2 protein chains.
Amino acid sequence: MSTIDTTDIPETIRELGPARPQRADALRNYEKLIAAARDAFAQDGASASLEEIARRAEVGIGTLYRHFPNRQTLLEAVYIDELQALCASAATLSELPPWDALVAWLYRFVAYLATKRALAQELLNYLDGDAALFQSCRAGLYAAGEPLLQRAQEAEAVRADTNLTEIIQMVGGIAKIPGLEPEQVEHILEVALDGLRYRAPVGQP
Amino acid sequence: MSTIDTTDIPETIRELGPARPQRADALRNYEKLIAAARDAFAQDGASASLEEIARRAEVGIGTLYRHFPNRQTLLEAVYIDELQALCASAATLSELPPWDALVAWLYRFVAYLATKRALAQELLNYLDGDAALFQSCRAGLYAAGEPLLQRAQEAEAVRADTNLTEIIQMVGGIAKIPGLEPEQVEHILEVALDGLRYRAPVGQP
DNA sequence: ATAGTTCCGGAGGGAGCCTCCGCTTATGCC
DNA sequence: GGCATAAGCGGAGGCTCCCTCCGGAACTAT
């Protein structure tokens, strides 16, 4: 149904971020920094120490600041990277059985939300309404998830009377319940996802 | 209708905060600190520099830390102080005409919300569910506002088919619209509050 | 007035932010 | 391969902030 070419979405999103460096060594450092920042932000929230990030990336603090002139740029780059990874994973997962693929992707989505939550607050403070970014992100997300859902529905693994918007809202809502342990979230999610399963119509109650 | 004695609410709330010091000089400093902190947090958000706050209060940094061992304690104390002031103002305002009193109080409420927003995020990180505080706050708020609304309704200044919950939600919702200039908020609020006015029933259209 | 608390203030050590600039290294051209 | 040069590196240094600690000042009760 979707007319968007899923495979192109990640690049579209990536273009929203800061330009990646050209030289091989610079690119290496750039990527080490994003990886280190992702971990650090996930662990300590958006206020993680930039010097600590540089240290983890085994890179000088100067290098960090050259690639990302301020915390915001780095935050944004990490966010975009995460989102791209989430979108890209949809393609990989399509090798699994339909139901498993969808569920796996939704779990991946939950992990992504955790990162996003840490970043979003701070991100909004500065970005305040760079709608283009978030719109693109949303589009990419849907383009990535839609095929998975459709396949699952065609295989009668997922009930027909639902859609991706609804599912994402549900999963998002559960993931965002405040003050819950990860295991609790996972359990609730498990229950809720089970509700998505297709059940053959039954004659009598 | 309310069986709560409004005038006692502020004390009840205050008791939730850290104990105020006894000695005259200590109390003076305590209050200077809260005032300075209120300004600083309003200006720079919850991450305002504590040293700057001590400086503004013309007090040594050590004094700040003795009264408020950590940022949270100070944040909480400011929040409680603000809330108490809001509640107390209801009593003063009752000298105004009913409509004016209610509107003035609601504007005061908006100002309070601005502070609260700055504090709430950070506050929740640590407090995470000290429900007692927030419950008390809510009770105090309602006890303070209810008489004002009632008086206004009895004077036929405010329509009868509404209540404080609704009004507070409305005002709060408007105050929280993201990315608006204060003047814009004020204008929207003006319009919305006008909708509260009592209008005599009209026979023909 | 004096003793005994209570409170004050800021020095100091540690950490983070960010800038600046001399040195290193990759790349493209011969 | 060798070289020029542009691109990139990294960390010292100057600043601010956080928080602790303790000698001395100020208040209060007697």
Side-chain angles (χ1 to χ4, degrees), chain A residues 17-78 118-119 121-123 125-127, chain B residues 17-78 118-119 121-123 125-127:
Chain A
R20 293 173 108 74
Q22 303 305 318
R23 243 175 69 168
D25 54 345
L27 187 59
R28 254 196 320 275
N29 282 335
Y30 182 96
E31 277 163 356
K32 282 202 286 185
L33 277 168
I34 290 215
R38 176 164 27 75
D39 296 353
F41 288 145
Q43 188 181 324
D44 304 332
S47 61
S49 154
L50 298 188
E51 296 204 320
E52 172 66 21
I53 290 174
R55 244 171 279 140
R56 286 200 208 190
E58 298 178 292
V59 139
I61 183 68
T63 300
L64 185 153
Y65 274 97
R66 194 164 349 85
H67 285 309
F68 309 100
N70 53 54
R71 179 178 236 93
Q72 244 38 52
T73 326
L74 180 55
L75 233 36
E76 217 173 297
V78 169
L119 306 187
Q121 177 67 23
E122 194 80 359
L123 219 52
N125 284 351
Y126 296 73
L127 211 65
Chain B
R20 294 173 106 73
Q22 304 304 317
R23 242 176 69 170
D25 54 345
L27 188 59
R28 255 196 318 275
N29 281 335
Y30 182 96
E31 278 164 356
K32 282 203 284 185
L33 277 168
I34 290 215
R38 176 164 26 76
D39 296 353
F41 288 145
Q43 188 181 322
D44 304 331
S47 61
S49 154
L50 297 188
E51 296 204 320
E52 172 65 22
I53 290 174
R55 245 172 278 141
R56 286 200 206 190
E58 298 177 294
V59 141
I61 184 67
T63 301
L64 185 152
Y65 275 96
R66 193 162 352 82
H67 285 309
F68 309 100
N70 54 52
R71 177 177 238 95
Q72 245 37 54
T73 326
L74 180 54
L75 233 35
E76 216 173 298
V78 169
L119 306 188
Q121 178 67 23
E122 195 80 359
L123 218 52
N125 285 350
Y126 297 74
L127 209 65

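As the structure is a prediction and not an experimental result, all values here were calculated from the model. Order of the sequence lines sets the chain letters (A, B, ...), proteins ahead of strands, with each chain counted from 1.
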Quiz: residues 44-51 of chain A side-chain donor-acceptor pairs under 3.5 angstrom, not counting sequence neighbours:
| unit_1 | atom_1 | unit_2 | atom_2 | d |
| --- | --- | --- | --- | --- |
| Ser49(A) | OG | Glu51(A) | N | 3.2 |
| Ser49(A) | OG | Glu52(A) | N | 3.0 |

Ignoring hydrogens, what is the shortest heavy-atom contact between Ala77(B) and Ile34(B)? Give both atom names and the distance.
CB-CD1, 3.8 Å
Passing candidate, side chain to side chain contact (heavy atoms under 4.5 Å, CB included) with Ile53(A), options Leu74(A), Asp39(A), Val59(A)
Leu74(A)
Looking at His67(B), does any N or O in its side chain come under 4.0 Å of the phosphate oxygens OP1/OP2 on dC7(C)?
no
Which atom pair, heavy atoms only, marks the closest approach of Ala54(B) to Ile61(B)?
CB-CA, 4.0 Å
Round to the nearest Å and state the distance from Leu64(B) atom CG to dC8(C) atom P.
11 Å
In whole angstrom, give the distance that lies between atom CD of Glu51(A) and atom C1' of dC18(C).
9 Å
I'd like a list of close polar pairs between nucleotides 25-29 of chain D and the protein, N/O only, cut-off under 3.5 Å.
| unit_1 | atom_1 | unit_2 | atom_2 | d |
| --- | --- | --- | --- | --- |
| dC27(D) | O4' | Arg23(B) | NH2 | 3.3 |
| dT28(D) | OP1 | Ala24(B) | N | 3.3 |

Could you state the CD1-P distance from Ile53(A) to dG10(D), rounded to the nearest angstrom?
16 Å
Mind telling me whether Tyr30(A) and Phe68(A) have parallel, tilted or perpendicular rings, with 30° and 60° as the class edges?
tilted
Glu52(A) has an atom CD; how far is it from atom P of dG16(C), in whole Å?
7 Å
Would you indicate, yes or no, if dA15(C) has its OP1 or OP2 atom less than 4.0 angstrom from a side-chain nitrogen or oxygen of Ser49(A)?
no
For Glu58(B) and Lys32(B) the tightest heavy-atom approach is O-NZ, 3.9 Å
Separation of dG22(C) atom C1' from Arg66(A) atom CZ, nearest Å, is 13 Å
Contact list please: residues 55-63 of chain A against DNA chain D, heavy atoms, distance less than 4.0 Å, in numerical order.
Val59(A), Gly60(A), Ile61(A), Gly62(A), Thr63(A)
Arg56(B) and Ala36(B) have their tightest heavy-atom pair at CB-CB, 3.9 Å
Remember a base hit wins even if backbone is also touched, and classify Asn29(B) as base, sugar-phosphate or nothing at under 4.0 Å, heavy atoms.
sugar-phosphate
Starting from C1' on dT19(C), measure out to CG on Leu50(A) and report it in whole angstrom.
14 Å
Spacing between Leu74(A) atom CG and dC17(C) atom P, to the nearest angstrom
11 Å
